[in-house]
Structures are given as structure tokens and as C-alpha cells.
Undergrad: 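I'd like to ask you about the structure that follows.
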Protein chains: 2
Amino acid sequence: MYAPERQQEILRLARDSGRVDVVSLAVQFQVTAETIRRDLKTLDRAGVVRRVHGGAIPVGRLDFEPDLAERETTAADEKDRIARAALAELPDEGTMIVDAGSTVALFAAALPMEFSLTVVTHSLPTAARLADHPGIQLHLVGGRVRHRTRAAVDAWALRAYGEIRADVLFVAANGFSTEHGLTTPDLAEAAVKRAAMAAARRVVLLADSSKHGQEHFARFGGLNDVDLLITDSGLSPEDALAIERGGTEVVRA
Amino acid sequence: MYAPERQQEILRLARDSGRVDVVSLAVQFQVTAETIRRDLKTLDRAGVVRRVHGGAIPVGRLDFEPDLAERETTAADEKDRIARAALAELPDEGTMIVDAGSTVALFAAALPMEFSLTVVTHSLPTAARLADHPGIQLHLVGGRVRHRTRAAVDAWALRAYGEIRADVLFVAANGFSTEHGLTTPDLAEAAVKRAAMAAARRVVLLADSSKHGQEHFARFGGLNDVDLLITDSGLSPEDALAIERGGTEVVRA
DNA sequence: CCCAATCGGGCATGAACGGGCATGAGCGGG
DNA sequence: CCCGCTCATGCCCGTTCATGCCCGATTGGG
């Protein structure tokens, strides 16, 4: 196994479990702790993990749930399928806006190398992932960065989205339902999502089925603003049908 | 078998199995390792595989950028000392702008946790580093993201810097000298640097001594625009004195 | 405040690398 | 048909790289 491969794998492990430690990595990869330390130093310098005594933690944690590890494993499967299904909605060329959120981040990370399009995002982790994608022209939306979600919000972000027009938006929501529409806990973030929705010709909502029926503080639109909902099979066919009656196409990946 | 045929086949193998190694390819194709290395170099230059010690990996399999880490190993020692010295210039509170560049990134990574201030940056790696720093209020400057430096440039960035006023700017330069001032290879990046300089009350230049006397395509200011230069002891005392006569304080870390 | 775990700099080693040179096959102009 | 040129390949050898080992310094939990 080559050093970069091992580093890549370490990075994956770190992102999956939220942390890695030198000794277990050394055992797992059958190398000495020194080598692992060197790998972690490389990853640290590359800015993708932060080195701590005894191991490392990934930078750019995607969401703010208290125990990230548990949560990642809970819905990881669904989110993965959703992300993959979303790939089918990509235009061959053109412009897309990518929202913040773990599902959307997974989707962005899954973009095949041969894709060549323009991406606009206000999500720091997504931007970091796409920055070295050779085919992608990345535009970063600025603003105040919220610690929790690592997303840019407020005046700069709102204005930026007010100035552009994209082919498609991939948006996330903490809660969605026909009655309460699309909701998220933070007002500032909701404002940005609303601005992004206004900037896109087509709105694709990526949300696993556990979000259905949930209702949070800030509302940023109705389901009728969404052209396509991609979720998992946890959404009952009846609910899906009800949503489709509202004019939103539904894909249950 | 012709060379391009062999390279095509190597690429196919690499994509199929996710990796190839020099020695087995040499055996398989009945040529020497040198030839395989030349093939891999060709494929690497074409951008379809990434060369690693012992073999190659198809692009897209590694989602972090080893190059960035590599560049940081050059003169890492000097840069480290410079970064540490720059910490002394931090205000206890207030606002600072952080430029893109490896030296400045090192400086940002070295920020102690207890610091509490507002940071504005157009550098993606720096933003990613500081996003989870609890004491820091981070503002991201948007714009088109340059692949090479992962920095935001162009209209959005220029406008953002035109709207703010910060206490101090930590800026990098690819070349600096009393005659030619501050230079960098990219025009767009130079424009952003100039805008950032105009937005700060105090300008601190972080540059290792190898940059002294260098001259690049795009000029974004003169040394007299710099209030403080932090460099390493590789800058001769005479040169330092000459710069100080121009009104710029010099620290040789 | 102490001690064990961890860290990181220095050194050693074997594999891999790559620049330079030589050889031989194909190519093209005269 | 000849001769010089280019290209692909092989070989040589000094250099670099990845890794492991050692040991003193540092860190952080108890």
C-alpha cells in the first residue's frame, strides 16, 4: 500500500468516525506509529485533519448533532443512496448551487472526476472538497461563517445569490412536510437557503425520510417550491403520493 | 506493442484496480522499470493518474491535495518561525484579514485557542482551519476559487474588501524588493491583495527570505505600503536595513 | 506533581527514482 | 538508396523517498 493511499484511507476513517488514533492505525495498517504520525502530519498540513495528542480529528465536521459518529452511521446508508440518486439529476454542463448539509456534502464528494460544470456554494466543507476537482469551476459565496454548520450566511451571501442565476440547486432541509414546508433551526441560514432557491431555475431537495414531518424554527419555503425531492424508501408511498399531488416529483432511492 | 497502446492499457489497469505498481507492470509488459516510469510520467503529465512512489493511482481516488503539503515542506522551518513571530503582532481584540499562501496558512493554524477576534479571509484552507476555532468570528470572502491557491478572487472578493476596514492584514507575496515592490504570478490574486491592503490600517507582510529580490508578473504594491515585514534570518542585515530606511519595520525571525 | 504515553528529530537502509548516455529501429529528405 | 534525425528503450549510478529504530523532550491524565 502506497503512502498516499494509506493517507486517503486514514482520512476516510477520520471522517467516518470523527476521530482516529495513532496506535490503532499503526496496528490496522501494519506500520509503525512513526509512519502514522508522518501521515497525520501530511494530512494536517494539507488541512484536512487537525492533529491532536494521540491521534487526529477531521476538520470541517459537517453538522452539529451532538454525537456525530452515531448519527453518521444511523442515516449514512440512506444519505449515500440519496447522494447517488442525485447524481442522475446533474446537467452535463451549466451551473449548480450546492447548499450546506451532510447529505449534500456527500453528494458533492461523490461527483465523478469527469464532470465539468460551474458550482456555487456557501458551504465551507463542500467548497474545500470541490476546490481541487479539476473539472469544476468553483465559486464561493462569502459571508459570516456559522460555526455549527460551517456555512456562510448574512449580507454577503444574500447579495451574492441575488446576483446569479443557476440551472439547478441542491438544497437540504432539517424538516419538510406539505403543511409546514421546509424548515431549519437557524434564521440566517434559512434566509440564505431562500435566496439560493430564488437563484435557481430548478430546485432539488435532498433529505432522508427522517426529516419528513419535522418542523423547525425557521421556514424557508414550501414543498411546492421544490421541483424534485430525493429521499429514501423510509418515506411511505402514500406520503410520496401526497407530495407529488402538490406538484413535486419524488424519487425514493 | 507501441508505447501509447501500453499507456492506454496501463491507464485501464489503473482505473480497474485503483492502483498500479511499476515492477508488476514491467513484468507484465516485458519492459524495464524505466520504461514504465516514463509511461507513468506521461500519464501523470496528462493528468489522468497521480504518480506515487512505487506506482501510480488514477485521479479522483484521492480527494485531498498532496501538492499543498509538499509545497509547505519547502522552507518549512523558516515559515514556521515566521508564523510564530507573527503571533506577537496579533491584537488582543479587533479584526484581522488573512491572505492566502502557505506561510500565512501556517500562521493561522498556529493561532492559540484562547484568542478571540474577528477574522476575514478569502483563503479556503485558512477558512477551513479557523472555522472550528471557538473564539474566532470568521467572515469568508467569496469569489471565483483559483485551483492552484484555493483562494477566492474576482468581483465578489474585491467588493467585499472594499466594504470593510480591519485593524491588521497578514499578507503574503511571491516576491518582494524595494525596487519592484510586492509581486505575485497571478493578476486576479494581485487585485485581491491590493484590495485587502486598502482595507487594513496596518499591513504585515509574511515572506521567507527566498522571496527577497524575486519579481513576478503582477505587482500589488510597494514595500512602503507595508508597515512590518516578518522574514527569516536569510535576509542579510544590510538588506533589512535598506528596507527599514524605506519606512518598513523588519523582523528577522 | 509524577509517570507513562506520545512526540519528533536524527540516523540507517533498501527500494525507487531520474538524468545522462548508448543502441537500434523507423522516418523522411535528397 | 543513403544518411541524418527522432523516438523508444535499456543500462548505469548518484540521489531521493518511505520506513523503521532509537532516544531525549513533551504532554496530559491521575
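These figures come from a predicted structure and were not determined experimentally. So that the names make sense, note that chain A is the first sequence line, chain B the second, and so on, each numbered from 1.
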Undergrad: Which residues pass the salt bridge (charged side-chain N to carboxylate O under 4.0 Å, His left out) test with Arg6(A), not counting sequence neighbours?
TA: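 Only Asp39(A) meet the salt bridge (charged side-chain N to carboxylate O under 4.0 Å, His left out) criterion with Arg6(A).
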
Undergrad: Sequence neighbours left out, what pairs pass salt bridge (charged side-chain N to carboxylate O under 4.0 Å, His left out) with at least one residue falling in residues 138-147 of chain B?
TA: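 Every salt bridge (charged side-chain N to carboxylate O under 4.0 Å, His left out) pair that includes a residue of residues 138-147 of chain B, provided the two are not neighbours, is Arg144(B)-Asp154(B), Arg146(B)-Asp186(B), Arg146(B)-Glu189(B).
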
Undergrad: I'd like to check the side-chain hydrogen bond (donor to acceptor under 3.5 Å, both in side chains) partners of His180(B); sequence neighbours left out, ordered by chain and number.
TA: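 Result, side-chain hydrogen bond (donor to acceptor under 3.5 Å, both in side chains) vs His180(B): Ser177(B).
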
Undergrad: Within residues 23-33 of chain A, find the residues that approach DNA chain C with a heavy atom at under 4.0 Å, and present them sorted by residue number.
TA: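 Residues of residues 23-33 of chain A under 4.0 Å from DNA chain C: Val23(A).
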
Undergrad: Which nucleotide span of DNA chain C, 5' end to 3' end, has atoms closer than 4.0 Å to non-hydrogen atoms of chain A?
TA: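 Both ends considered, the range comes out as dT6(C) to dG9(C).
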
Undergrad: Report the residues that fulfil side chain to side chain contact (heavy atoms under 4.5 Å, CB included) with Thr184(B), sequence neighbours left out, ordered by chain and then residue number.
TA: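 By the side chain to side chain contact (heavy atoms under 4.5 Å, CB included) rule, Thr184(B) matches Asn174(B), Ala190(B), Lys193(B), Ala218(B), Phe220(B).
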
Undergrad: Restricting to salt bridge (charged side-chain N to carboxylate O under 4.0 Å, His left out), what partner residues turn up for Arg81(A), sequence neighbours left out?
TA: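 With neighbours one apart ignored, the set is Asp77(A).
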
Undergrad: Between Phe107(B) and Phe170(B), how do the two ring planes meet: parallel, tilted or perpendicular, split at 30° and 60°?
TA: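 Rings of Phe107(B) and Phe170(B): tilted, as their planes differ by 30° to 60°.
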
Undergrad: For DNA chain C, which residues in residues 36-45 of chain B have a heavy atom at a distance below 4.0 Å?
TA: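 Going residue by residue through residues 36-45 of chain B, the ones with a heavy atom under 4.0 Å of DNA chain C turn out to be Arg37(B), Lys41(B).
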
Undergrad: Which residues pass the side chain to side chain contact (heavy atoms under 4.5 Å, CB included) test with Val145(B), not counting sequence neighbours?
TA: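 Once residues adjacent in sequence are excluded, the partners of Val145(B) under the side chain to side chain contact (heavy atoms under 4.5 Å, CB included) criterion are Leu138(A), Leu140(A), Leu124(B).
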
Undergrad: Does anyone know the first and last nucleotide of DNA chain D in reach of chain B, 5' to 3', at under 4.0 angstrom to a heavy atom?
TA: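 Contact span on the strand: dT9(D) to dA18(D).
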
Undergrad: Find the bend of the helix from dC1(C)-dG30(D) to dG30(C)-dC1(D) as the angle between its two terminal axes (five pairs each), to the nearest 10°.
TA: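 The angle separating the two end axes equals 50°.
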
Undergrad: Could you note down all residue pairs passing side-chain hydrogen bond (donor to acceptor under 3.5 Å, both in side chains) where residues 238-252 of chain B supplies at least one of them, sequence neighbours left out?
TA: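 Output for this query lists Ser236(B)-Asp239(B).
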
